[in-house]
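Working notes for the structure below.
Only heavy atoms go into these numbers, but all of them, side chains included; no hydrogens, no water, no symmetry mates.
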Amino acid sequence: MNSQTAKPLHKHQVINLYPGCSLASSAREMMESYCDLASFLGSEVQILEDWSCCGSTPAHSIHQYWGIALPARNLLLAESRGIDELMTLCPSCFVRLWDSRQRILRDNAEGKTLEAFWGAALQGSTRPVFFLEHLLAMALENVSTLARRGLHGLRIAPYYGCLLSRQKWITGLDGHSPRASLGTLVRGLEAQDLRWGLEEQCCGAGLAVTKPELSNRLVARIHAYARKAGAQCLLVFCPLCHMNLELRAPAQGALPVLYLTELLALAAELPGTDQWLNKHLLDPKPTLRATGIL
């Protein structure tokens, strides 16, 4: 791979990013590949300084208040710095930020309670944004450059999971909207976008501790269906799905699980690819070598 060919395409757009706990730990390969890809496409990523946990999963399931208060702190930070749009890569983080903002702006009493707690009132001037549509738009605009290496016919099974598949009024996410763009992009990179039947099946990440046997069965079924459809890898958009699909993968017949950001970085021949791929529990390199991508 010739990393010396990777030069930024344009200058210059600033992306204000809320990383969240997963992107700073178990999903660093998504974070690093996204930042390098954004830089290549002409954007500068600025991490929200002094960010804290958004309360995804544990906090809001234990006490509703913390599920609103913790994301509200991060929104207040963004507002105090004049940030109009706050990008997130994790759908769980996005949902917590979006839901907190909605509730506070809708319920004056809720807003007063949090104002007394954090010492500032949320104005609603910062809008949480999920990365997927934004990244797809940037990638499609530059697909001819991203495809300099191409993905060599790689058979990809996109996996959206349950958060991206719920109604928009519940989560603020519209996971159905980017699918046509994703298909166009995948084909533009000379890969195959498969339809395999379990794109929206829950992987059981939320049950991994309390009902691990059920989570294991759900994960094994997802791998088996994708493999039966001819897939060579699963493509994911959520750090929690990624961890669960790798950590609980069946001993036989498991597929590599890659983030969209990694595939785009591979197609663009960006440096740092080995660093990201080495973080995977299911080694994707044999598959990528077999298809001529590495």
Side-chain angles (χ1 to χ4, degrees), residues 14-28 30-31 34-35 44-135 161-175 177 202 205-210 237-241 243:
V14 174
I15 296 173
N16 291 286
L17 180 69
Y18 170 80
C21 306
S22 294
L23 275 295
S25 55
S26 59
R28 291 190 67 87
M30 185 186 193
M31 178 75 166
Y34 174 78
C35 289
E44 176 188 353
V45 177
Q46 292 185 352
I47 307 295
L48 180 68
E49 290 186 18
D50 197 30
W51 66 272
S52 56
C53 172
C54 70
S56 173
T57 309
H60 79 276
S61 63
I62 294 171
H63 198 294
Q64 187 179 19
Y65 175 77
W66 288 106
I68 301 172
L70 290 173
R73 179 186 178 276
N74 294 289
L75 291 169
L76 285 168
L77 279 177
E79 286 191 357
S80 70
R81 291 159 194 173
I83 294 173
D84 297 325
E85 293 187 339
L86 186 61
M87 189 78 69
T88 64
L89 303 187
C90 171
S92 293
C93 292
F94 173 83
V95 171
R96 295 315 322 152
L97 292 168
W98 177 82
D99 184 63
S100 175
R101 182 177 182 270
Q102 293 287 104
R103 286 171 182 260
I104 293 170
L105 295 181
R106 188 173 58 226
D107 187 334
N108 189 51
E110 194 92 71
K112 292 293 184 186
T113 300
L114 287 163
E115 181 181 354
F117 189 77
W118 291 122
L122 192 76
Q123 304 298 322
S125 59
T126 298
R127 186 171 67 91
V129 175
F130 189 53
F131 83 104
L132 186 54
E133 289 195 59
H134 183 259
L135 178 61
C162 49
L163 262 185
L164 278 169
S165 304
R166 292 177 188 169
Q167 294 295 315
K168 187 175 182 179
W169 67 270
I170 298 174
T171 63
L173 290 166
D174 186 358
S177 175
C202 174
L207 302 171
V209 175
T210 56
F237 312 94
C238 170
L240 298 181
C241 293
M243 181 173 64

Exercise. State, to 0.1 Å, how close Ser177 and Glu133 come at their nearest heavy-atom pair, and which atoms those are.
Key: OG-OE1, 3.4 Å
Quiz item: Are side-chain heavy atoms of Cys21 and Ser26 found at a separation under 4.5 Å?
Solution: no
Practice problem: Heavy atoms only: give me the nearest Leu77-Asp50 pair and the separation to one decimal. | Solution: CD1-O, 3.3 Å
Quiz item: Would a 4.5 Å heavy-atom cut-off, applied to side chains only, mark Glu85 and His134 as touching?
Solution: no
Exercise. Using a 4.5 Å cut-off on heavy atoms from C-beta on, say whether the side chain of Gln64 contacts that of Arg103.
Key: yes
Self-check item: Closest non-hydrogen atom pair between Leu70 and Cys53, with its separation
Solution: CB-O, 3.6 Å
Quiz item: Any side-chain donor paired with an acceptor under 3.5 Å for Ser52 and Arg73?
Solution: yes
Quiz prompt | Stepwise side-chain contact (heavy atoms from CB on, under 4.5 Å) test for Ile104 and Arg101 | solution = CA-CA 5 Å; Ile104 293 170; Arg101 182 177 182 270; over 6 Å; no
Exercise. Report the distance from atom OG1 of Thr88 to atom CG of Leu132, rounding to the nearest 0.5 Å.
Key: 10.5 Å
Quiz prompt | CG on Leu122 to CD on Glu115, rounded to 0.5 Å | solution = 10.0 Å
Quiz prompt | Within-4.5 Å side-chain heavy-atom neighbours: Ile83 and Leu48 | solution = yes
Self-check item: Separation between CH2 of Trp98 and CG of Leu173, rounded to the nearest 0.5 Å
Solution: 8.5 Å
Self-check item: Validation row: Leu17, Met31 side chains within 4.5 angstrom (heavy atoms)
Solution: yes
Quiz item: Once you round to the nearest 0.5 Å, how far does CH2 of Trp51 lie from CG of Leu23?
Solution: 8.0 Å
Quiz prompt | Any side-chain heavy-atom pair of Leu164 and Cys238 under 4.5 Å | solution = no
Practice problem: Could you tell me which non-hydrogen atom of Leu240 sits nearest to which non-hydrogen atom of Ser92, and how far apart they are? | Solution: CD1-OG, 3.6 Å
Practice problem: List the steps, then state whether side-chain contact (heavy atoms from CB on, under 4.5 Å) holds for Ile15 with Tyr34. | Solution: CA-CA 11 Å; Ile15 296 173; Tyr34 174 78; 3.4 Å; yes
Self-check item: Rounded distance [0.5 Å steps], SG in Cys35 versus CG in Leu89
Solution: 7.5 Å
Quiz item: Is a side-chain N or O of Gln123 found less than 3.5 angstrom from the main chain of Glu79, in a donor-acceptor match?
Solution: no
Quiz item: Is a side-chain donor or acceptor of Ser56 paired with a backbone partner of Cys93 at a separation under 3.5 angstrom?
Solution: no
Quiz item: Do you know which two heavy atoms are closest between Leu86 and Ala78, and how far apart they sit?
Solution: CD2-CB, 4.2 Å
Quiz item: OG1 of Thr113 to CG of Asp107: how many Å apart, nearest 0.5 Å?
Solution: 8.0 Å
Quiz item: Do side-chain atoms of Arg127 reach the backbone of Asp84 as a donor and acceptor pair under 3.5 angstrom?
Solution: no
Self-check item: For the student: nearest non-hydrogen atoms of Pro91 and Leu163, plus distance
Solution: C-CD1, 3.8 Å
Exercise. Spell out, as yes or no, whether a donor-acceptor pair under 3.5 Å connects the side chain of Ser165 to the backbone of Gly161.
Key: yes
